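Remarks on the structure that follows.
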Amino acid sequence: MIGVFDSGFGGLTVLSALLRALPAYDYLYLADSARAPYGARSAEAVNEFTLEAVEWLFEQSCPLVVLACNTASARALRNLQQRHLPARRPDRRILGVVRPSVEALAGIPVGTVAHPDHSAPSDASGLVAVLGTPATIASDSYGIELRKLAPRLRLVQQACPLWVPLVEAGELEGAGAEYFLRKDLEAMRASAGGEWPSRLLLGCTHYPLLLPLLSRLTPPETEILAQGDIVAERLADWLRRHPEEEKRLGRGGLRRFATTDDPGWFAERGSRILDDSLNVERVRLCG
Ligand code: DGL
């Protein structure tokens, strides 16, 4: 199975795009809802929790795990790829959402292997923005990747600490949600000297659920990028370029859902995102 991990149910926005683009594969989605949100946690805690989640997915025989969670991708992916996999799991792969999102933000077409060691950086210029949790923004993961791939692009990054709690509470449209969205968008614009970015990346799994309100609060010239489709099309490309990995994946169209908290709560939220009823199991992650 392809393992898909998120701190909570927001990663189903990514899974939903994967199921549309790559429906034949088997998927196992894991949400660490009992310890979510990750966005305000320390780097150490996010590293520890993500390692436990990934190990659980490996134990369930996932050869490939996608970290749909930006906070986990930003805080834990490098450590997992550079230390954990070579030492303990050389036959497994973990992919995150930061790199593919930065490629899209920089306008690098799918299929261009824009590895900094192998090809020239993009010469795209102008202003782009990333919105994310405090942990994602504090890690500067988006800035680090963007400076490598498109050094002439200016980047403004804005932490939006209350957007995940708003989505968790189902506050997607009302006056309360509008107040906090406006506040953070204004802060982002102020950091950019009053300019709106040409592209605005939603660097958090929960934010696509705020899209209707966000589109009303941003000018039409600002293109809002949600990550689901970006991750799906770039994962499809990665599988084409790694046929030996692709061959290891089951193609029975299976879907399995697991959470570390109440399965009923998760199934109720998740079924609205996937537009399907979900059978959810409760699991424990070992420290
Ligand atoms: N899944 C997280 C992310 O994409 C958002 C929720 C959280 O803070 O755990 O950053």
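Just follow the structure's listing: the first ligand is 1, and inside any ligand the first atom is 1. Model, not experiment: these values are computed from the prediction.
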Are [X] and [Y] within salt-bridge range, i.e. N to O under 4.0 Å?
X    : Y    : result
E52  : R284 : no
R182 : E178 : yes
R248 : E244 : no
R89  : E59  : yes

Which ligand 1 atoms, with their elements, are less than 4.0 angstrom from a heavy-atom of [X]?
X    : result
T133 : 8 (O), 10 (O)
P37  : 7 (C), 8 (O), 9 (O)
H206 : 5 (C), 6 (C)

Tell me the protein heavy atom at minimum distance from [atom], and give that distance in Å.
atom                    : result
atom 5 (C) of ligand 1  : C204 SG, 3.4 Å
atom 8 (O) of ligand 1  : G39 N, 2.8 Å
atom 6 (C) of ligand 1  : S7 OG, 3.5 Å
atom 10 (O) of ligand 1 : T71 OG1, 2.6 Å

>> Quick check: is Y179 connected to L210 through a chain of hydrophobic side chains (ILVMFWY, heavy atoms under 4.5 Å apart)?
In response: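 Per the 4.5 Å side-chain linkage, L210 and Y179 are co-clustered.
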> Angle class for the W265/F9 ring planes (parallel below 30°, perpendicular above 60°, tilted otherwise)?
Replying inline: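 Perpendicular, since the angle between the ring planes exceeds 60°.
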> For the residue pair Y27 and Y25, does the interplanar ring angle fall in the parallel (under 30°), tilted (30 to 60°) or perpendicular (over 60°) class?
Replying inline: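 Correct class here is perpendicular.
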> Does an N or O from Y38, backbone or side chain, lie closer than 3.5 Å to an N or O of ligand 1?
Replying inline: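 The answer is yes, given that Y38 and ligand 1 share an N or O pair closer than 3.5 Å.
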> What about A68: any of its N or O atoms under 3.5 Å from an N or O on ligand 1?
Replying inline: no
>> ring pair (Phe, Tyr, Trp, His ring centres under 6.0 Å), that's the test. Do F5 and W56 meet it? Break it down for me.
In response: CA-CA 10 Å; F5 171 64; W56 184 83; 9.9 Å; no
> Backbone, side chain, both or neither: what part of D6 comes under 4.0 angstrom of ligand 1, heavy atoms only?
Replying inline: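 Under 4.0 Å from ligand 1, D6 contributes side-chain atoms alone.
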> Which one holds for N70 and ligand 1: side chain close, backbone close, both close, or neither close, with close meaning a heavy atom under 4.0 Å?
Replying inline: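 Within the 4.0 Å criterion, N70 contacts ligand 1 through backbone and side-chain atoms alike.
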